[in-house]
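One-based numbering along the sequence shown. A quick note: this is a predicted structure, and the numbers were derived from the prediction, not measured.
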Amino acid sequence: MSLEALDAALVECRACPRLVAWREKIAAEKRAAYRDETYWGRPVPGFGPVDAKLLIVGLAPAAHGGNRTGRMFTGDRSGDVLYAALHAVGLANQPTSTHIGDGLALHGTRITAPVHCAPPDNKPTPSEFKRCRPYLVQELKLFGDIKVVIVLGKIAFDAFLTAYQEKGGVVPKPRPKFGHGVAVDLPGGPRLICSYHPSQQNTFTGKLTRPMFQDIFDQAKAALSE
Ligand code: SF4
């Protein structure tokens with residue numbers, strides 16, 4: 001399956017009744033600040049070129065971010081932090097991501113998620129993770145030359161490792177533990193770098209500062225150059 005075919009199938013997916021209802025409710029009701037916009041309200045595909053060497057795995061689209069704009073981490077505060085960090089190491093051509101058509105391009109980087117529809121309270125259920133997993137497994141097969149993976153948060157870490165194993169990747173035993181800044185070379189595979197998620201909950205409380213987040217991308221850039 002090509003990346004185009006995968007993304008085309010993904011955006012038509014209605015496999016999770018709770019998430020379909022939620023994403024469409026949000027799209028119909030809208031936030032007051034965006035009332036004149038047409039929300040995407042569908043599954044949000046991964047973003048970035050097929051020759052990517054860096055894969056970034058988030059959690060799920062934000063209700064008024066990706067679910068509004070149709071692009072990963074676009075139009076929300078998490079995206080402001082993420083794209084600024086990518087731009088600082090030359091992996092994005094601009095530091096902001098406001099809407100499709102804003103001219104943003106990623107260099108050698110793909111951003112995806114284990115769940116492609118916005119969930120209530122940003123919390124997909126275990127069965128929703130399971131139902132969406134084949135998309136990530138397929139994406140991992142298509143991006144066979146990935147050298148570095150950054151997982152954003154413990155949930156993304158667990159979801160990535162499960163999908164990675166399912167696609168035939170080897171996960172060390174004992175299984176690595178998540179921690180901000182932890183890096184693991186997966187046997188015969190990419191280097192896995194763990195980061196806290198750049199959510200407002202983490203950035204507003206100081207659990208994740210901009211320098212802490214930038215360190216992750218500096219580490220990734222160095223690993224890509226090795
Ligand atoms: S979360 Fe994934 S499996 Fe569920 S409806 Fe959205 S795209 Fe389909």
Should F160 and L192 be marked as a side chain to side chain contact (heavy atoms under 4.5 Å, CB included) after you check the CA-CA gap, both sets of side-chain angles, and the distance that decides it?
CA-CA 10 Å; F160 167 75; L192 176 62; 3.9 Å; yes
Under the side chain to side chain contact (heavy atoms under 4.5 Å, CB included) rule, what do L55 and T112 come out as? Steps first, then yes or no, please.
CA-CA 7 Å; L55 184 70; T112 193; 3.9 Å; yes
If you apply the rule salt bridge (charged side-chain N to carboxylate O under 4.0 Å, His left out), what do you find for R110 with D7, and how did you get there?
CA-CA 13 Å; R110 171 90 172 171; D7 287 348; 3.5 Å; yes
Set out, in order, the CA-CA distance, both residues' side-chain angles and the distance that settles side chain to side chain contact (heavy atoms under 4.5 Å, CB included) for L152 and Y196, then state yes or no.
CA-CA 5 Å; L152 301 176; Y196 292 143; over 6 Å; no
Does I150 form a side chain to side chain contact (heavy atoms under 4.5 Å, CB included) with F217? I'd like the steps, not just the answer.
CA-CA 9 Å; I150 297 176; F217 289 81; 3.6 Å; yes
Walk me through it: do E226 and K221 pass the test salt bridge (charged side-chain N to carboxylate O under 4.0 Å, His left out)?
CA-CA 9 Å; E226 276 173 13; K221 188 67 194 283; over 6 Å; no
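In this structure, H180 contributes its side chain and S195 its backbone to no donor-acceptor pair below 3.5 Å. No donor-acceptor pair under 3.5 Å is formed between the side chain of K207 and the backbone N or O of N202. No donor-acceptor pair under 3.5 Å is formed between the side chain of N93 and the backbone N or O of L106. No side-chain donor-acceptor contact under 3.5 Å links T209 to the backbone of G206. Checking side-chain atoms of T109 against main-chain N and O of H107 turns up a donor-acceptor pair under 3.5 Å. Not one N or O on the side chain of K147 forms a donor-acceptor pair closer than 3.5 Å with the backbone of R191. A donor-acceptor pair is defined here as one N or O able to donate and one able to accept, closer than 3.5 Å; no such pair exists between the side chain of K53 and the backbone of G108. The main-chain N or O of D102 is found under 3.5 Å from a side-chain atom of Q94 such that the two form a donor-acceptor pair.
Under 4.0 Å is where a charged nitrogen must lie from a carboxylate oxygen, and between R68 and D36 no such pair does. Salt bridge annotation for R31-E37: absent, with no cationic side-chain nitrogen under 4.0 angstrom from a carboxylate oxygen.
Under a hydrophobic clustering in which Ile, Leu, Val, Met, Phe, Trp and Tyr are joined whenever their side-chain heavy atoms come within less than 4.5 Å, directly or via other members, L136 and I56 fall into the same cluster. The hydrophobic clustering, which links ILVMFWY residues whose side-chain heavy atoms are closer than 4.5 Å, places V57 and V81 together. Criterion: ILVMFWY side-chain heavy atoms under 4.5 Å apart, direct or through other members. Under it, L19 and I155 are part of a common hydrophobic cluster. In terms of hydrophobic clustering, with Ile, Leu, Val, Met, Phe, Trp and Tyr side chains grouped at heavy-atom distances under 4.5 Å, F143 and Y135 are assigned to a common cluster. Using a 4.5 Å cut-off between side-chain heavy atoms of Ile, Leu, Val, Met, Phe, Trp and Tyr, with links allowed through other members, V50 and L86 fall into the same hydrophobic cluster.
Listed by chain and number, the residues in a salt bridge (charged side-chain N to carboxylate O under 4.0 Å, His left out) with E4 amount to none (sequence neighbours excluded).
Looking at heavy atoms from C-beta onward, V182 lies out of side-chain contact with F157 at the 4.5 angstrom threshold. Side-chain atoms of N67 and W22, non-hydrogen and from C-beta on, never get closer than 4.5 Å to each other. Contact of the I193 side chain with the V184 side chain is not registered, since no non-hydrogen atoms from C-beta on lie closer than 4.5 Å. Here the side chains of L208 and P198 are in contact, with some heavy-atom distance below 4.5 Å. Here the side chains of I111 and L82 are in contact, with some heavy-atom distance below 4.5 Å. Here the side chains of I146 and P190 are in contact, with some heavy-atom distance below 4.5 Å. Looking at L224 and L91, their side chains come closer than 4.5 Å, going by heavy atoms from C-beta outward. In this structure, the side chains of L59 and P124 come closer than 4.5 Å at one or more pairs of heavy atoms.
Between the side chains of R71 and S97, a donor-acceptor pair is found at a separation under 3.5 Å. T69 and T74 share no donor-acceptor pair across their side chains, judged by distance under 3.5 Å alone. Side-chain atoms of S127 and T125 include a donor-acceptor pair closer than 3.5 Å.
For CG of L10, the number of neighbouring non-hydrogen atoms (other residues, nucleotides, ligands) closer than 6.0 Å is greater than 12.
A side-chain contact (heavy atoms from CB on, under 4.5 Å) with R23 holds for exactly one of P43, C16, P61; it is P43.
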Taking distance alone, no hydrogens or angles, what donor-acceptor pairs closer than 3.5 Å link side-chain atoms of residues 165-179 to residues at least two apart or in another chain?
from : atom 1 : to   : atom 2 : distance (Å)
E166 : OE1    : R133 : NH1    : 3.2

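Applying the ring pair (Phe, Tyr, Trp, His ring centres under 6.0 Å) test to pairs two or more places apart or on separate chains, those with a residue in residues 55-79 are Y39-H64, F73-H197.
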